[in-house]
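Below, read A as the first sequence line, B as the second, and so on, with proteins coming before strands; counting in each chain starts at 1.
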Amino acid sequence: MLNIIDFNKIVHEDFFNSSFYHKNKLLLLIWYFHDILASNPLDYSIDYVKLFKYPEEDLKIITQDWEKIVRKIRNGKAHELSEGDTMYLGACTKGSTAAKSMRKQPNSDILAPQRAFSLKGSYMTSILRNYILNDIGTYESIVKDPSALEEYSFEEYVKSEIRKHRGRSLDELMTEFNINPKSKDRTSRVALKILGVESKNASEFEKANIKVKAIRIEYNGKIKEHMSFPTFKFKDLVNESWEESEFRTMLSETRFFFVIYKKDKNGNLILDKEMFWNMPIGILDTEVKKVWKEAKQIIKDGVVLTQKGKRTFNNLPSPSENPVSHVRPHAQNSEDTYPLPDGRKMPKQCFWLNNSFILEQISLQEED
DNA sequence: AATTTCGGTCAGATGCGCTT
DNA sequence: AAGCGCATCTGACCGAAATT
């Protein structure tokens with residue numbers, strides 16, 4: 001967490017003269033161990049301290065993040081800011097309560113939640129690992145020479161590299177880049193190899209919490225499968241609030257890099273498009289919230305199971321009930337379960353994003 | 001009859017705990 | 001520090017029932 005964003009003032013600033021840069025160009029970072037056994041936070045042990053200046057390659061990306069945030073505010077879209085918009089520098093909500101923290105913004109009459117600059121959790125983790133613990137398990141970076149970002153933003157650079165291979169088949173790319181066609185992460189490996197990265201993730205993607213997701217579009221133009229996410233524990237979910245829920249946190253903080261393949265008439269997957277995407281905050285706090293709350297209520301009240309033939313149907317939110325999200329099993333088999341609050345067991349479930357929603361987002365191709 | 005829906009399954013990758 | 005066994009995770013896929 002860094003400084004509060006003054007929506008009205010920041011629109012007149014440029015990065016190197018900004019209040020953000022002024023205050024935060026040099027940081028004293030202090031890491032302490034969050035010891036859950038310690039009764040008093042003052043007893044937490046301070047393990048690492050470091051006077052930190054952004055490495056040149058990171059500062060380039062932070063500058064671009066700052067520009068992106070300010071552009072949104074200048075366009076009267078402060079209320080649409082989201083942590084997932086940017087890579088290392090985020091605009092996170094800040095204030096005592098959501099209701100008390102609404103602020104006026106220039107160029108729009110819509111009130112926006114107060115926000116502050118923050119270095120994202122994924123970026124802080126990587127600073128700790130790379131620059132302080134000197135962890136050997138660090139990933140290669142995509143942009144080897146920071147001056148490559150003078151002209152293009154990181155995202156534009158990444159997209160243009162992928163675009164060079166547009167029209168080629170996945171099989172062809174796997175052969176060329178020597179990737180095991182059976183590996184589950186083959187599409188993300190292909191993308192990384194195109195970007196010149198041998199390691200199984202890129203340092204920029206790791207620092208920015210960007211997840212590569214393959215999207216396969218069928219010959220008929222539809223996406224067959226919904227998009228899955230990690231499973232949740234029923235007992236945890238019923239104790240969460242939407243604002244602090246695992247699913248909301250994940251969706252608001254993760255940026256996705258969609259690598260889109262389209263099936264030709266012979267069923268070959270052809271590299272077709274690429275785009276960065278994150279869940280629009282307006283949809284997150286309306287439709288997705290609805291599904292989440294409904295799921296929570298159903299689990300709280302006791303899931304109703306009905307046996308039909310071999311299969312057991314539940315009354316959790318299905319894809320037809322909501323345009324954006326639903327709940328479905330994501331388990332090894334029907335024996336792979338988590339306990340329900342009432343003691344029964346149920347196959348592990350997760351929230352999914354509807355295939356139709358993903359398709360809609362792709363066709364919007366909204367690049368702010 | 002064809003397509004869509006949605007509970008379920010598969011299998012390689014990953015991660016954890018334990019031992020040496 | 002490395003190796004092992006095992007559990008879990010994850011992206012992709014399956015197929016019976018429902019719908020068109």
Evaluation steps, side chain to side chain contact (heavy atoms under 4.5 Å, CB included), between A:Met174 and A:Val190: CA-CA 7 Å; A:Met174 285 189 301; A:Val190 165; 3.9 Å; yes
Cation over ring face, A:Lys348 and A:Tyr338, 6.0 Å, 45°: yes
Under-4.0 Å side-chain N/O to phosphate OP1/OP2 contact, A:Ser356 with B:dT4: no
N/O (side chain, A:Ser228) to phosphate O (OP1/OP2, C:dT10) under 4.0 Å: no
Touch class at under 4.0 angstrom, heavy-atom based, for A:His330 against every strand present: base
Nearest-angstrom distance from the residue atom NZ of A:Lys263 to P of C:dA12: 12 Å
Given A:Phe117, A:Tyr54, A:Phe205, A:Tyr88, the one that forms ring-ring contact (aromatic ring centres under 6.0 Å, His included) with A:Tyr123: A:Tyr88
B:dT4 phosphate, OP1 or OP2, under 4.0 Å from A:Lys224 side-chain N/O: no
Residue closer to the 5' end of DNA chain C, A:Phe313 versus A:Ala214 (nearest nucleotide): A:Ala214
Touch class at under 4.0 angstrom, heavy-atom based, for A:Lys213 against every strand present: sugar-phosphate
Earlier contact from the 5' end, DNA chain B, for A:His226 and A:Arg189: A:His226
A:Glu335 CD to C:dT8 P, straight-line distance once rounded to whole Å: 14 Å
A:Arg186 CZ - C:dT10 C1' separation (whole Å): 12 Å
Atom pair distance, as rounded to whole Å: CD1 in A:Ile223 and P in C:dC13: 13 Å
Of the listed nucleotides C:dA12, B:dT4, B:dT9, the one nearest the side chain of A:Thr187: C:dA12
Ring-face cation of A:Lys9 near A:Phe20 (centre distance under 6.0 Å, axis angle within 45°): no
Side chains of A:Glu206 and A:Asn201, donor plus acceptor under 3.5 Å: no
Length of the CE-P vector between A:Met227 and C:dG11, whole Å: 9 Å
Spacing of A:His326 atom NE2 relative to B:dG8 atom P, expressed in whole Å: 13 Å
A:Gln105 and A:His79 side chains, donor-acceptor separation under 3.5 Å: yes
Touch class at under 4.0 angstrom, heavy-atom based, for A:Phe229 against every strand present: nothing
Touch class at under 4.0 angstrom, heavy-atom based, for A:Lys348 against every strand present: sugar-phosphate
Euclidean distance, atom OH of residue A:Tyr261 to atom C1' of C:dC13 [Å, nearest integer]: 18 Å
Presence of A:Ser320 side-chain N/O under 4.0 Å of B:dC6 phosphate oxygens OP1/OP2: yes
Side-chain-base donor-acceptor pair under 3.5 Å for A:Gln332 and C:dC9: yes
Sugar-phosphate, base or nothing in reach of A:Pro319, heavy atoms under 4.0 Å: sugar-phosphate
Atom pair distance, as rounded to whole Å: CG in A:Asn333 and P in B:dC6: 22 Å
A:Thr312 side-chain N/O to B:dG8 phosphate OP1/OP2 under 4.0 Å: yes
Side-chain N or O of A:Tyr338 closer than 4.0 Å to phosphate OP1/OP2 of C:dC9: yes
